[in-house]
Number of protein chains: 2
Amino acid sequence: MSEPISGESLLFLTDEQLQQGIEGMFFAYRGFTADPDRILEDLNRHRDQNYGRAHHRAVHFIGRAPGTTVKNLLEILGVTKQSLNRVLRTLMADGLVEGKVGGSDRRERNLYLTEAGAALERQLSQVQRERMRAAYRAAGPEAVRGFRQVLEAMMDKEMRKKYGALRDKAND
Amino acid sequence: MSEPISGESLLFLTDEQLQQGIEGMFFAYRGFTADPDRILEDLNRHRDQNYGRAHHRAVHFIGRAPGTTVKNLLEILGVTKQSLNRVLRTLMADGLVEGKVGGSDRRERNLYLTEAGAALERQLSQVQRERMRAAYRAAGPEAVRGFRQVLEAMMDKEMRKKYGALRDKAND
DNA sequence: CTTGGAATGTCAACAAAGCTGACATAAACT
DNA sequence: AGTTTATGTCAGCTTTGTTGACATTCCAAG
């Protein structure tokens with residue numbers, strides 16, 4: 001895997017440059033989560049719920065891969081089943097998510113968003129997409145390609161697989 | 001991958017492409033924090049401490065901008081002073097961080113890493129830089145430029161300012 | 001000089017969201 | 001028949017965030 005030493009040699013990757021990448025990830029992630037966080041906070045004030053980032057993530061990935069199993073969601077999110085279960089329980093009690101017994105393997109629960117769940121998901125993902133769209137626009141198409149390449153290279157191998165699976169599932 | 005008609009036709013930013021960007025951020029951030037998390041977990045098992053991501057962040061930014069004030073750190077981290085204080089207290093008690101009364105304004109505390117603190121910081125940032133370096137290498141210099149552009153465009157304005165200030169401080 | 005506001009520290013109480021360990025059930029696999 | 005897998009649940013604990021209240025110290029403006 002000998003990278004051909006291209007024009008601008010990557011030997012010039014100083015610690016300072018890497019440090020800036022690290023801080024860039026930190027600050028950008030802050031922005032990335034800010035809008036949905038704010039929306040949830042508002043919703044919590046008006047309703048009787050108390051949803052946070054954990055609920056957002058669950059709703060996002062269920063909406064993204066309808067019919068996914070609890071096990072798959074656990075792997076994607078990287079939390080314990082107890083932690084996820086607490087979240088799923090409230091989402092199901094509130095009628096945002098429903099679980100159907102698996103067709104082939106009846107131990108599994110296939111998770112789906114209800115209409116209400118899908119509505120929340122849309123509301124949350126909309127603002128997040130808006131920010132992403134603005135950032136993509138500002139940086140330009142060439143930068144976007146690079147952005148995605150670096151992100152993918154930064155993932156753990158298993159996560160890269162999950163990431164690819166989501167992408168494939170969406171494109172069929 | 002269905003490349004959109006290149007050039008500047010960013011009108012072709014489909015929701016699917018944005019969704020992938022969102023998930024990319026999620027999975028990449030998981031990888032981004034994985035190595036330091038693991039190190040801290042190991043340290044905690046062997047020593048008497050119990051440091052987590054919050055301690056890592058504090059140590060990182062103090063090491064990055066020695067002499068920074070509590071107020072500035074609060075703005076960078078985006079948490080309450082009570083939350084930060086709990087972290088700083090343990091770090092100071094354990095002799096990893098020290099606070100000196102400010103020179104111009106004596107209400108301020110200027111924060112510094114001790115030698116032990118700097119050692120921990122190096123240990124944590126090393127693995128994180130390694131991952132960043134590997135990702136940068138794999139993606140190539142052109143991609144790195146794009147990556148940084150998108151990250152910066154994704155930040156909130158105030159965070160972009162803090163980000164720039166750190167960069168400037170390091171380059172004088 | 002006094003007074004108001006800013007920067008900091010601290011106490012108490014609480015919540016979100018992670019964790020471990022133990023145990024239960026049903027279904028699938030061998 | 002016995003083991004493993006997928007899921008759910010109870011109980012308890014930790015980290016890290018939150019509010020609210022209050023004290024101290026110090027700068028700066030009236």
Side-chain angles (χ1 to χ4, degrees), chain A residues 26 29-30 33-34 36-38 40-45 48-59 62 67-93 97-111, chain B residues 26 29-30 33-34 36-38 40-45 47-59 62 67-94 97-111:
Chain A
F26 174 73
Y29 199 78
R30 287 269 304 276
T33 55
D37 280 359
R38 203 167 12 247
L40 285 173
E41 208 175 325
D42 284 358
L43 284 184
N44 292 335
R45 212 170 297 122
D48 190 21
Q49 315 157 339
N50 233 346
Y51 293 165
R53 238 177 249 187
H55 301 80
H56 178 197
R57 290 196 283 259
V59 165
I62 295 172
T68 188
T69 62
V70 173
K71 180 170 171 43
N72 182 45
L73 207 48
L74 282 174
E75 291 167 354
I76 285 181
L77 297 175
V79 299
T80 58
K81 68 175 173 178
Q82 293 90 332
S83 199
L84 175 59
N85 198 256
R86 180 167 39 201
V87 168
L88 285 182
R89 214 183 313 165
T90 66
L91 289 174
M92 293 172 109
V97 167
E98 55 181 359
K100 295 179 184 165
V101 172
S104 54
D105 187 335
R106 289 174 43 189
R107 289 170 303 180
E108 296 178 344
R109 295 299 139 87
N110 294 118
L111 302 170
Chain B
F26 174 74
Y29 199 80
R30 287 270 303 277
T33 56
D37 280 359
R38 202 164 17 243
L40 285 172
E41 208 176 325
D42 284 358
L43 284 183
N44 292 336
R45 212 171 296 121
R47 306 189 189 179
D48 189 21
Q49 314 156 341
N50 233 345
Y51 294 166
R53 238 177 249 187
H55 301 80
H56 177 198
R57 289 196 284 257
V59 163
I62 295 172
T68 188
T69 62
V70 173
K71 180 172 172 44
N72 182 46
L73 208 47
L74 282 174
E75 291 167 354
I76 285 180
L77 298 176
V79 298
T80 58
K81 67 176 174 178
Q82 293 90 331
S83 198
L84 175 58
N85 199 256
R86 180 167 40 202
V87 167
L88 286 180
R89 215 183 312 164
T90 66
L91 288 173
M92 294 172 109
D94 294 343
V97 167
E98 57 181 357
K100 294 178 185 166
V101 173
S104 54
D105 186 334
R106 291 172 45 187
R107 286 169 304 180
E108 297 179 344
R109 295 299 139 86
N110 295 116
L111 302 170

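The sequence lines fix the lettering, A, B, ..., with proteins before strands; numbering per chain opens at 1. No experiment lies behind these values; they were computed from the predicted model shown.
Phosphate proximity of C:dT8 to B:Asn85: absent, as no side-chain N or O sits under 4.0 Å from OP1 or OP2. The phosphate of C:dG18 (OP1 or OP2) has no side-chain N or O of A:Arg86 nearer than 4.0 angstrom. For the OP1/OP2 pair of C:dC19 and a distance below 4.0 Å, the side-chain nitrogens and oxygens of A:Thr80 include at least one atom meeting the criterion. Taking 4.0 angstrom as the limit, A:His55 places a side-chain polar atom (N or O) nearer than this to OP1 or OP2 of C:dA17.
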Per-nucleotide protein contact string for nucleotides 21-30 of chain C, where B marks a base within reach and S marks sugar-phosphate only (heavy atoms under 4.0 Å, - for neither): BB----BS--
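Distance check, rounded to the nearest 0.5 Å: CG of A:Leu91 to CZ of A:Arg86 gives 12.5 Å. Remark: A:Thr90 OG1 to A:Asn50 CG distance equals 10.0 Å, nearest 0.5 Å. With values rounded to the nearest 0.5 angstrom, B:Thr68 atom OG1 is found 14.0 Å from B:Arg109 atom CZ.
Using a 4.5 Å heavy-atom threshold, the side chains of B:Arg45 and B:Asp42 count as touching.
Shown here are the salt bridge (Lys or Arg N to Asp or Glu O under 4.0 Å) partners of A:Arg53, two or more places apart in sequence or in another chain: A:Asp37. Residues passing the side chain to side chain donor-acceptor pair (under 3.5 Å) test with A:Lys100, sequence neighbours excluded: none. Remark: A:Arg107 engages A:Asp105 in a salt bridge (Lys or Arg N to Asp or Glu O under 4.0 Å) (not counting sequence neighbours). Qualifying side-chain contact (heavy atoms from CB on, under 4.5 Å) partners for B:Arg30, counting only residues two or more places apart in sequence or in other chains: A:Met159, B:Phe26. Residues that satisfy the side chain to side chain donor-acceptor pair (under 3.5 Å) test with A:Arg38, not counting sequence neighbours, are A:Asp35. With sequence neighbours excluded, no residue forms a salt bridge (Lys or Arg N to Asp or Glu O under 4.0 Å) with B:Glu98. Taking B:Lys81 as the reference, B:Leu74 meet the side-chain contact (heavy atoms from CB on, under 4.5 Å) condition, with sequence neighbours excluded. Taking B:Gln49 as the reference, B:Asn44, B:Arg47, B:Tyr51, B:Asp94 meet the side-chain contact (heavy atoms from CB on, under 4.5 Å) condition, with sequence neighbours excluded.
One end of the helix from C:dC1-D:dG30 to C:dT30-D:dA1 points its axis 30° away from the other end's axis, with each axis taken from 5 pairs and the angle rounded to 10°.
Taking every nucleotide of DNA chain D with any atom under 4.0 Å from a non-hydrogen atom of chain A, the first and last of them, 5' to 3', are D:dT5 to D:dC10.
Using a 4.0 Å cut-off on heavy atoms, the residues of residues 70-79 of chain A that approach DNA chain C are A:Gly78, A:Val79, listed by number.
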